[in-house]
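By convention here, the first residue in the shown sequence is residue 1. Treat the numbers as computed from the prediction; the structure is a model and nothing was measured. For the numbers below, each heavy atom of this structure counts, side chains included, while hydrogens, waters and symmetry mates do not.
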Amino acid sequence: MENLKLVLDHAGTSFDQVVMARIFVTDFRYYQTVNDLYASYFNKNRLPCRTTVGVIGLAGNGDVEIDLIIYCGD
């Protein structure tokens, strides 16, 4: 999430502009931890829509991968 925050800052935007997230996890036993950490970066009254998918593996041998779709309008 901190890496995503850096990318958003560099692009001149923030988590407030996120409209959708896709989260890929290799082990659903950690779902609650991932969910709690993810949610802590957003306004509790305005969470973006989200899909969470369990996968066998991720590039770079990571355990979690997140991509975001950002609203870039006015």
Side-chain angles (χ1 to χ4, degrees):
M1 293 301 292
E2 283 298 310
N3 186 49
L4 288 171
K5 184 177 179 186
L6 288 172
V7 171
L8 293 171
D9 288 344
H10 182 74
T13 190
S14 69
F15 285 109
D16 291 338
Q17 295 300 106
V18 174
V19 294
M20 181 175 179
R22 289 180 291 217
I23 302 176
F24 303 90
V25 296
T26 59
D27 191 332
F28 262 92
R29 288 179 290 182
Y30 303 116
Y31 175 80
Q32 192 61 52
T33 301
V34 169
N35 189 58
D36 292 345
L37 183 62
Y38 168 85
S40 73
Y41 282 81
F42 294 96
N43 178 330
K44 306 253 185 273
N45 296 319
R46 197 207 148 279
L47 293 171
C49 67
R50 180 181 83 185
T51 301
T52 303
V53 180
V55 295
I56 293 173
L58 293 167
N61 295 321
D63 293 318
V64 178
E65 182 175 315
I66 302 172
D67 66 22
L68 303 175
I69 297 174
I70 310 299
Y71 177 74
C72 295
D74 292 333

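- Asp67 has its side chain within reach of Phe24: a pair of non-hydrogen atoms, C-beta onward, lies under 4.5 Å apart.
- At a threshold of 4.5 Å between side-chain heavy atoms, the hydrophobic network of Ile, Leu, Val, Met, Phe, Trp and Tyr places Leu6 and Val18 in two separate groups.
- The OH atom of Tyr71 lies 14.0 Å from the CG atom of Asp16; values are rounded to the nearest 0.5 Å.
- The structure places OH of Tyr30 at 15.0 Å from CG of Leu37, a figure rounded to the nearest 0.5 Å.
- Leu68 is listed as a side-chain neighbour of Leu8, based on a closest heavy-atom distance under 4.5 Å.
- Counting all heavy atoms, side chain and backbone alike, Gln17 lies closest to Arg46 at C-NH2, 4.5 Å.
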Could you pull out every donor-acceptor pair under 3.5 Å between side chains of residues 48-63 and any protein atom, sequence neighbours left out?
| unit_1 | atom_1 | unit_2 | atom_2 | d |
| --- | --- | --- | --- | --- |
| Arg50 | NE | Thr52 | OG1 | 3.3 |
| Arg50 | NH1 | Asn35 | OD1 | 2.8 |
| Arg50 | NH2 | Tyr31 | OH | 2.8 |
| Arg50 | NH2 | Asn35 | OD1 | 2.8 |
| Asp63 | OD1 | Thr26 | OG1 | 3.3 |

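- For the residue pair Tyr41 and Glu2, the shortest heavy atom distance occurs at OH-OE2, 2.6 Å.
- In the hydrophobic clustering of ILVMFWY residues, with side-chain heavy atoms under 4.5 Å counting as a link, Leu47 and Val34 come out together.
- Placement of Met1 and Val25 within a single hydrophobic cluster is found when ILVMFWY residues are connected by side-chain heavy-atom separations under 4.5 Å, directly or transitively.
- Sparse packing is recorded around CZ of Arg29, with 12 or fewer heavy atoms of other residues, nucleotides or ligands lying under 6.0 Å away.
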